Amino acid sequence: MIKILPRRFYNRHTLNVAKDLLGCFLLREYGGKKIRALITEVEAYHGEDDLACHASRGRTPRTEVMYGQPGHAYVYMIYGMYHCLNIVTEKKDFPAAVLIRAVHPQSSSVARSDRFIRGRTAGQHRERTDLAYGPGKLCKFLKIDRKLNQWDLTKGDKLWLEARNPKIKLPKIVKSRRIGIDYAQHCREYLWRFSLKE
DNA sequence: TATACGATCACCT
DNA sequence: GGTGATCGTATAC
């Protein structure tokens with residue numbers, strides 16, 4: 001039974017949403033293709049007091065989406081060449097989001113995309129999790145860019161999320177410090193990066 | 001208007 | 001371990 005994550009899933013504390021997103025599926029549909037990917041690594045960015053959060057300097061045109069309704073996408077360009085996908089959390093007017101750092105594409109998705117990206121022939125398919133390991137790489141793999149900024153993720157179209165299979169036991173969740181935010185003073189010590197062990 | 005820099009990645013030593 | 005690519009955003013002037 002496949003279930004699209006509803007708005008109320010995102011309208012909770014960001015740390016809980018982040019942990020609960022592990023093992024869920026990120027779905028991307030474009031050009032007649034549908035890719036399903038297991039979420040394996042996330043980071044939480046929570047409120048204006050979090051110095052690592054883009055909203056730490058308040059409302060700006062860029063951060064406005066994080067102040068909006070939960071369950072929308074916050075996609076921004078980083079270093080002039082990559083995009084990062086975030087899931088907006090918490091109630092309206094509280095700025096917070098979960099950065100999707102890594103996903104594990106389903107085999108059929110990898111096969112399709114490998115053929116599309118690298119022109120591989122049938123029989124050469126194999127797991128290529130490296131294609132989606134890292135926030136920049138997964139956006140490239142899933143063709144996610146700023147056109148999907150503010151996209152409603154509860155509609156089940158173009159980009160959405162589905163619940164994990166409750167019958168499958170989840171690997172242990174590993175907590176660690178967030179990546180690339182050394183400027184965030186004491187906030188860089190927070191263990192707000194969550195990943196599935198393995 | 002000008003400038004500094006970043007929630008990254010690939011490639012180098 | 002280090003560096004360059006490349007441009008939107010925030011901030012300073």
Side-chain angles (χ1 to χ4, degrees), chain A residues 10 13-22 24 26 28 35 37-68 70-90 94-105 110 113-114 116-120 127-151 153 159 161 173-196:
Chain A
Y10 307 101
H13 196 284
T14 310
L15 294 179
N16 291 328
V17 176
K19 282 179 277 194
D20 290 345
L21 279 172
L22 293 173
C24 291
L26 181 64
R28 173 72 171 121
I35 297 177
L38 185 78
I39 297 172
T40 57
E41 183 178 334
V42 298
E43 283 177 0
Y45 290 88
H46 181 258
E48 295 178 347
D49 294 336
D50 176 7
L51 297 177
C53 182
H54 288 166
S56 63
R57 279 173 285 194
R59 280 183 192 256
T60 67
R62 181 172 70 153
T63 61
E64 186 62 33
V65 60
M66 277 203 283
Y67 288 81
H72 290 250
Y74 166 39
V75 182
Y76 65 95
M77 173 167 271
I78 185 69
Y79 299 111
M81 59 186 77
Y82 297 105
H83 297 273
C84 289
L85 170 65
N86 296 256
I87 314 298
V88 174
T89 62
E90 311 247 0
F94 187 93
V98 175
L99 170 68
I100 308 298
R101 285 198 63 89
V103 298
H104 186 115
V110 175
S113 295
D114 248 345
F116 180 75
I117 292 170
R118 298 175 173 255
R120 292 189 172 205
E127 292 289 335
R128 285 296 304 273
T129 56
D130 58 310
L131 288 171
Y133 184 74
K137 285 198 289 187
L138 78 85
C139 283
K140 186 179 176 187
F141 179 79
L142 295 173
K143 300 282 188 292
I144 294 168
D145 60 27
R146 281 176 306 168
K147 290 195 290 290
L148 286 167
N149 192 33
Q150 306 188 57
W151 187 256
L153 299 167
L159 184 68
L161 294 96
I173 294 176
V174 179
K175 299 180 192 178
S176 54
R177 303 205 303 209
R178 293 173 291 177
I179 301 295
I181 52 134
D182 284 352
Y183 57 85
Q185 302 175 40
H186 64 282
C187 296
R188 72 186 187 181
E189 307 296 334
Y190 297 169
L191 300 179
W192 286 2
R193 178 188 181 204
F194 306 100
S195 49
L196 293 180

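Sequence lines set the chain letters: A, B, ... in the order given, protein chains first and strands last, and positions in each chain run from 1. Being a predicted model, the structure only gives us computed values, none of them experimental. All values below were derived from every heavy atom in this structure, side-chain atoms included, with hydrogens, water molecules and symmetry-related copies excluded.
Residue A:G136 is in sugar-phosphate contact alone, with no base atom involved, counting any heavy-atom pair closer than 4.0 Å across all strands shown. A:R62 comes within contact range of the sugar-phosphate backbone alone, with a heavy-atom separation under 4.0 Å but no base atom that close. Residue contacts for A:L99: at a heavy-atom cut-off of 4.0 Å it reaches a base atom on one of the strands shown.
For the strand DNA chain B, secondary-structure stems (runs of at least three Watson-Crick or G-U pairs, all distances below 3.5 Å) span B:1-6 with C:7-12, B:8-12 with C:1-5.
The aromatic rings of A:Y76 and A:H54 sit perpendicular, their planes meeting at an angle over 60°, well past the 30° parallel limit.
For A:R59 and C:dT9, the CZ to P distance is 17 Å, given to the nearest whole Å. Whole-Å rounding puts the A:D130 CG to B:dC11 P distance at 12 Å. Taking atom CG on A:D145 and atom C1' on B:dT8, their separation rounds to 16 Å, with Å as the unit. The distance between atom CZ of A:R193 and atom P of B:dA7, rounded to the nearest whole Å, is 15 Å. Rounding to whole angstrom units, CD1 of residue A:I181 and C1' of B:dA7 are separated by 8 Å. Separating the OH atom of A:Y82 from the C1' atom of B:dC5 is a distance of 17 Å, rounded to the nearest angstrom. A straight line from NE2 of A:H83 to C1' of C:dT9 spans 14 Å, rounded to a whole angstrom. Nucleotide C:dT9 holds its C1' atom 13 Å from the CE atom of A:M66, rounded to whole Å.
You won't find any donor-acceptor pair under 3.5 Å spanning the side chain of A:Y79 and the base of C:dA5, going by distance alone.
Between A:P95 and A:E48 the shortest side-chain heavy-atom distance falls below 4.5 Å.
Figure legend: cation-pi geometry between A:R178 and A:Y190 absent, as NZ or CZ is not positioned both under 6.0 Å from the six-membered ring centre and within 45° of its axis.
Of the candidates C:dA5, C:dA10, B:dT8, the closest approach to any side-chain atom of A:M81 belongs to C:dA5. Listed candidates were C:dA10, B:dA7, C:dG8. Nearest to the side chain of A:M77 is C:dG8. Of the candidates B:dT8, C:dT9, C:dA5, C:dT9 carries the atom nearest the A:R146 side chain, counting heavy atoms from C-beta on.
How far NZ of A:K175 is from CG of A:L15: 8.5 Å, rounded to the nearest 0.5 Å. Atom OH of A:Y10 sits about 6.0 Å away from atom CD1 of A:I87, to the nearest 0.5 Å.
Proximity of A:H54 to the phosphate of B:dA7: a side-chain N or O atom is located under 4.0 Å from OP1 or OP2. Taking 4.0 angstrom as the limit, A:R57 places a side-chain polar atom (N or O) nearer than this to OP1 or OP2 of C:dT11. When the side-chain nitrogen and oxygen atoms of A:K140 are compared with OP1 and OP2 of B:dC9, none of them lie within a distance under 4.0 Å.
Taking atom C1' on both nucleotides, C:dG1 is separated from B:dA7 by 22 Å, rounded to a whole Å. The separation of C:dT6 from B:dA2, taken at their P atoms, amounts to 22 Å, rounded to a whole angstrom.
Aromatic stacking is not marked for A:Y76 over C:dG8, as the cut-offs of 5.5 Å for the centres and 30° for the planes do not both hold.
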**Q.** Residue pair A:H72, A:N149: steps toward the side chain to side chain contact (heavy atoms under 4.5 Å, CB included) verdict
**A.** CA-CA 8 Å; A:H72 290 250; A:N149 192 33; over 6 Å; no
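Aromatic rings of A:F94 and A:H46 (six-membered ring for Trp) have centroids within the 6.0 Å cut-off, being under it.
A salt bridge links A:E43 to A:R101: one of the charged nitrogens lies within less than 4.0 Å of a carboxylate oxygen.
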